[in-house]
Number of protein chains: 2
Amino acid sequence: MPRIPNQSDAFTAIAEPGRRRVLGALARDEGRDVTGLVQELGWPQPRVSKSLGVLRRAGLVTVERRGRRRVYRVNGGRLRSVYDWVRHFERFWESQLERVRARAERIERESRSARESHNPLKGEHDDNGHRERNHPHD
Amino acid sequence: MPRIPNQSDAFTAIAEPGRRRVLGALARDEGRDVTGLVQELGWPQPRVSKSLGVLRRAGLVTVERRGRRRVYRVNGGRLRSVYDWVRHFERFWESQLERVRARAERIERESRSARESHNPLKGEHDDNGHRERNHPHD
DNA sequence: ACAATATATCCTCAATCAGGCATATGTCAA
DNA sequence: TTGACATATGCCTGATTGAGGATATATTGT
């Protein structure tokens with residue numbers, strides 16, 4: 001039985017770029033209703049609601065009923081658990097030396113794009129396939 | 001076309017508990033080879049290698065060839081991008097007031113477990129389905 | 001009670017993913 | 001070179017996922 005990463009886990013919840021966008025939007029204001037998010041994001045309402053649902057079940061946001069509206073807010077507590085986890089690796093970027101060494105190692109790079117290539121050429125030309133965004137602040 | 005969250009995205013890479021374990025194991029020492037991880041984690045080797053592959057493509061770890069061994073190390077730079085993103089939400093847990101308010105709102109809780117219930121009872125008995133670990137430091 | 005508004009949930013589909021296992025590739029030692 | 005060791009990759013499968021669209025549920029105003 002594969003896959004346990006329940007969507008109600010904070011890490012899984014923020015793995016999706018769209019949901020990160022939602023959190024970002026929520027963070028800008030102090031509480032926002034679904035309609036507001038729909039307008040800001042330009043997404044169909046069901047999609048927004050579903051993203052909010054995942055975030056809600058992950059405990060990353062809270063809801064307050066205001067009449068027919070529902071005001072969503074960022075729930076810091078949960079995000080903090082992610083923060084704390086990442087924080088454990090702080091020492092790996094704190095020292096400049098670390099970065100230098102890491103960079104030196106990156107020279108003799110790792111595997112190529114993984115899916116493509118499969119290039120049977122002798123010299124295994126390492127390449128990381130750097131096509132991702134390095135700052136997923138979506 | 002659904003699903004874009006490429007595995008070579010740092011957030012997606014750390015979404016999987018197993019991969020978080022690997023990172024944790026790597027963080028304990030200063031460089032570790034696959035065999036070492038296999039022993040520490042008790043996983044079949046292919047699984048370890050595959051986890052490392054994802055982390056590698058996400059730029060979260062680096063490899064250094066040492067003979068037939070491959071020494072993996074945590075790459076702080078990438079983890080930092082996650083750190084920075086989460087950090088933007090710092091104000092949501094910094095103030096105790098925030099937490100108090102959030103807690104007050106949590107009282108009138110959100111949706112029930114999502115999958116189950118569907119209880120047509122009038123009074124919507126909110127429940128967050130708090131069955132996840134709140135500290136995924138796996 | 002009815003219509004309109006606001007939001008959540010259901011269903012289906014295509015794509016992705018993790019895990020298991022077998023196997024390929026690479027490297028060292030004799 | 002041969003064989004053992006170390007690691008990566010390919011394939012298959014069951015399960016999960018996100019998106020889209022339709023629809024259900026709730027709430028307010030008249």
Side-chain angles (χ1 to χ4, degrees), chain A residues 1-9 12-13 15-22 32-39 41 43-57 63-72 110-124 126, chain B residues 1-9 12-13 15-22 32-39 41-58 63-72 110-124 126:
Chain A
M1 330 96 232
R3 210 69 34 73
I4 330 102
N6 213 325
Q7 75 290 18
S8 47
D9 163 59
T12 306
E16 222 270 321
R19 273 166 333 223
R20 257 174 280 147
R21 291 259 308 269
V22 173
R32 198 109 195 219
D33 62 9
V34 180
T35 303
L37 290 171
V38 166
Q39 293 178 336
L41 299 171
W43 294 353
Q45 176 265 316
R47 182 176 171 194
V48 174
S49 275
K50 248 183 295 186
S51 288
L52 287 169
V54 175
L55 294 173
R56 172 161 39 84
R57 284 187 284 280
V63 219
E64 178 200 358
R65 298 183 126 106
R66 301 275 290 177
R68 31 182 143 173
R69 307 281 173 95
R70 300 208 179 187
V71 180
Y72 280 85
E110 327 114 26
S111 82
R112 54 232 162 254
S113 230
R115 9 177 124 275
E116 74 201 29
S117 260
H118 199 257
N119 194 336
L121 283 173
K122 196 59 192 299
E124 85 147 57
D126 278 345
Chain B
M1 314 115 231
R3 210 68 35 72
I4 329 102
N6 212 328
Q7 75 288 19
S8 47
D9 163 60
T12 306
E16 222 270 321
R19 274 171 326 229
R20 255 174 282 148
R21 291 258 308 271
V22 173
R32 199 108 195 222
D33 62 7
V34 180
T35 303
L37 290 170
V38 167
Q39 293 178 336
L41 298 171
W43 294 352
Q45 176 266 315
R47 182 177 172 193
V48 173
S49 276
K50 249 184 291 190
S51 287
L52 286 170
V54 175
L55 293 173
R56 173 162 36 86
R57 283 186 285 280
V63 218
E64 179 200 358
R65 298 180 124 107
R66 301 276 290 178
R68 30 182 144 175
R69 308 282 173 92
R70 300 209 179 187
V71 180
Y72 281 85
E110 330 112 26
S111 82
R112 54 237 163 248
S113 229
R115 8 178 125 276
E116 75 201 29
S117 260
H118 200 255
N119 193 335
L121 284 173
K122 196 59 192 297
E124 84 147 63
D126 279 333

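Quick note on labels: first sequence line is chain A, next is B, and so on, each numbered from 1.
- Rounded to a whole Å, the CZ atom of A/Arg47 is 18 Å from the P atom of C/dT7.
- Considering only the side chain of A/Tyr72, C/dA8 comes nearest among C/dT7, D/dA19, C/dA8.
- Contacts of B/Pro44 with the nucleic acid, taken as non-hydrogen atoms under 4.0 Å apart, involve only primed sugar atoms and P, OP1 or OP2.
- A/Arg66 has its CZ atom 17 Å from the C1' atom of C/dT5, to the nearest Å.
- Between A/Gln45 atom CD and A/Leu37 atom CG the span is 11.0 Å, to the nearest 0.5 Å.
- Rounded to whole Å, atom C1' of D/dT17 lies 15 Å from atom CG of A/Asp9.
- For the pair B/Asp33/B/Arg66, no side-chain contact is recorded, criterion being any heavy-atom separation below 4.5 Å from C-beta on.
- You won't find any donor-acceptor pair under 3.5 Å spanning the side chain of A/Gln45 and the base of C/dA6, going by distance alone.
- As a whole-Å value, the separation of A/Asp33 CG from D/dA26 C1' is 15 Å.
- For A/Arg65 and C/dA8, the CZ to C1' distance is 10 Å, given to the nearest whole Å.
- The listed nucleotides are D/dA19, D/dA8, C/dC21; the one nearest the side chain of B/Lys50 is C/dC21.
- A close approach under 4.0 Å does not occur between any side-chain nitrogen or oxygen of A/Ser49 and OP1 or OP2 of C/dT7.
- With values rounded to the nearest 0.5 angstrom, A/Lys50 atom NZ is found 11.5 Å from A/Arg19 atom CZ.
- Here C/dC17 presents its P atom at 10 Å from CZ of B/Arg57, a figure rounded to the nearest Å.
- Each of C/dA22, D/dA22, C/dA6 was ranked by its minimum atom distance to the side chain of A/Pro46; first place goes to D/dA22.
- As a whole-Å value, the separation of A/Arg69 CZ from C/dA4 C1' is 13 Å.
- The separation between A/Glu16 atom CD and C/dC17 atom P is 12 Å, rounded to whole Å.
- Taking 4.5 Å as the limit, every side-chain heavy atom of A/Leu55 sits out of range of all side-chain heavy atoms of A/Tyr72.
- Side-chain atoms of A/Arg70 lie closest to C/dT7 of the nucleotides C/dT9, C/dG20, C/dT7.
- Listed candidates were C/dA18, C/dT7, D/dA6. Nearest to the side chain of B/Arg19 is C/dA18.
- Checking side-chain atoms of A/Arg57 against main-chain N and O of A/Ala13 turns up no donor-acceptor pair under 3.5 Å.
- If you check D/dA8, D/dC5, C/dA8 against the side chain of B/Arg68, the one that comes closest is D/dC5.
- The side chain of A/Arg56 lies closest to C/dT9 when the candidates are C/dA6, C/dT9, D/dT9.
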